[in-house]
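This report concerns only the one structure given below.
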Protein chains: 2
Amino acid sequence: MKLNTKTRYAVMALADMSNFPRKKPVSLRDISLRQSISLLYLEQIFLKLKKNNLVKSIRGTNGGYILNKDPKEIKLSEIFLAIDEKVKTVGCTKESKKGCNGKSTKCITHDLWDELELHINTFFEKKKLSDLAKINQNKIQ
Amino acid sequence: MKLNTKTRYAVMALADMSNFPRKKPVSLRDISLRQSISLLYLEQIFLKLKKNNLVKSIRGTNGGYILNKDPKEIKLSEIFLAIDEKVKTVGCTKESKKGCNGKSTKCITHDLWDELELHINTFFEKKKLSDLAKINQNKIQ
DNA sequence: TCAATACTTGACTATTTTAGTCGGGTATAT
DNA sequence: ATATACCCGACTAAAATAGTCAAGTATTGA
């Protein structure tokens, strides 16, 4: 059970941006250098973030991206949604209406995974981008 | 972010077993039929569960597996551990001591993922096998 | 005793997902 | 004009997943 890099990098990149004044565009090149993330990969990620209105883009020299909202207002769940990362603990979701293992009944663990999903999603709803402050960049002990 | 089938099936299978008296061995064949899980796959899974002392095996005709503890005593976290499913939200763990992205400092999101990991693991520590009762097998609405 | 049942083990494999890269754009500032 | 920096779809190598397969061993019951 692990997070994909796209989502992790998205959070990292946005957290990076939130360390700078919101008015000036931040270029992907700079983020790439500071956070050691491939520039080409960042481009892919930011297209999604833009489509989902988390950032706006400014082209040309001295261009870059700008956060659309104050970091205090940006929930991690929004970022996850933008990147398409679904916290789906299991195949038999409520949406599928199909039951687990192709049967019309819930599998024996169905409610458990539902509960876990809710648990995790609640965590991401509560966390804001602003919670990842510079203070986090300490040495590992 | 999703759970692998091995872990899910392990929980399903053990939950299935816990619906029957603990003294009589439950064969994988029966579990396979009731829960629609491949028998060959179940065999692989139960070897792990056995190695980690969650079940004991009885060979031969009328053989099968027996839970080593009361379902009330079996934490889901134990099952996860047995199957090797690690809730590792990210590469830069405390254990690696290496820092994120090869640097000696924590990445900007390091503490976040740590916190998430703890959050999820706490959930599994609290959940017992007995919490997945027969009552869960309702129709999907 | 001997056939059937059921666990044991390691190796193998097709498919899917992940984690990117590549190539060719377009818009803007200087 | 030219360099910068965003835009976009298609592609791909590598890893993980979700199993299967072959060849056992131990035990029971007829």
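These numbers come from a predicted model, not from an experiment. So that the names make sense, note that chain A is the first sequence line, chain B the second, and so on, each numbered from 1.
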Check: C/dT21 base within 3.5 Å donor-acceptor of A/Glu43 side chain: no

Distance, rounded to the nearest Å, where A/Asn4 contributes CG and D/dA16 contributes P: 14 Å

Short side-chain N/O contact from B/Ser57 to OP1 or OP2 of C/dT8, under 4.0 Å: yes

From D/dA18, D/dC6, D/dT25, nucleotide with atom closest to B/Arg59 side chain: D/dT25

Length of the CG-P vector between B/Leu47 and C/dA11, whole Å: 14 Å

N/O (side chain, B/Ser38) to phosphate O (OP1/OP2, D/dG19) under 4.0 Å: no

Interatomic distance where NZ belongs to B/Lys48 and C1' belongs to C/dT8 [whole Å]: 15 Å

Under 3.5 Å: donor-acceptor pair, side chain of B/Asn68, backbone of B/Asn53: yes

Nucleotide D/dC7, atom P - distance to OH of A/Tyr41 in whole Å: 18 Å

Distance, rounded to the nearest Å, where B/Lys6 contributes NZ and D/dT20 contributes C1': 12 Å

Any A/Asn62 side-chain N or O less than 4.0 Å from OP1/OP2 of C/dT30: yes

Exceeds 12 heavy-atom contacts within 6.0 angstrom, atom CZ of B/Arg22: yes

Rounded interatomic separation in angstrom, taking CE from A/Met17 and C1' from D/dA5: 14 Å

Rounded distance (Å) that lies between atom C1' of D/dA26 and atom NZ of B/Lys50: 11 Å

Nucleotide nearest B/Tyr65 when distance is taken to its side chain, options C/dT8, D/dC7, C/dA6: C/dT8

Under 3.5 Å donor-acceptor, A/Ser38 side chain and A/Tyr41 backbone: yes

Heavy atoms of other groups near B/Lys69 NZ, more than 12 under 6.0 Å: yes

First of A/Gln44 and A/Thr61 reached from the 5' end of DNA chain C, by closest nucleotide: A/Gln44

Candidate nucleotides C/dT8, D/dC6, C/dC22, ranked by approach to the side chain of A/Leu40 - the nearest: C/dC22

A/Leu42 CG to D/dC7 C1', straight-line distance once rounded to whole Å: 14 Å

Short side-chain N/O contact from A/Tyr9 to OP1 or OP2 of C/dG20, under 4.0 Å: yes

Phosphate OP1/OP2 of D/dC6: any A/Ser27 side-chain N/O under 4.0 Å: no

B/Asp70 side chain reached by B/Leu129 side chain, heavy atoms, under 4.5 Å: no

Touch class at under 4.0 angstrom, heavy-atom based, for B/Phe46 against every strand present: nothing

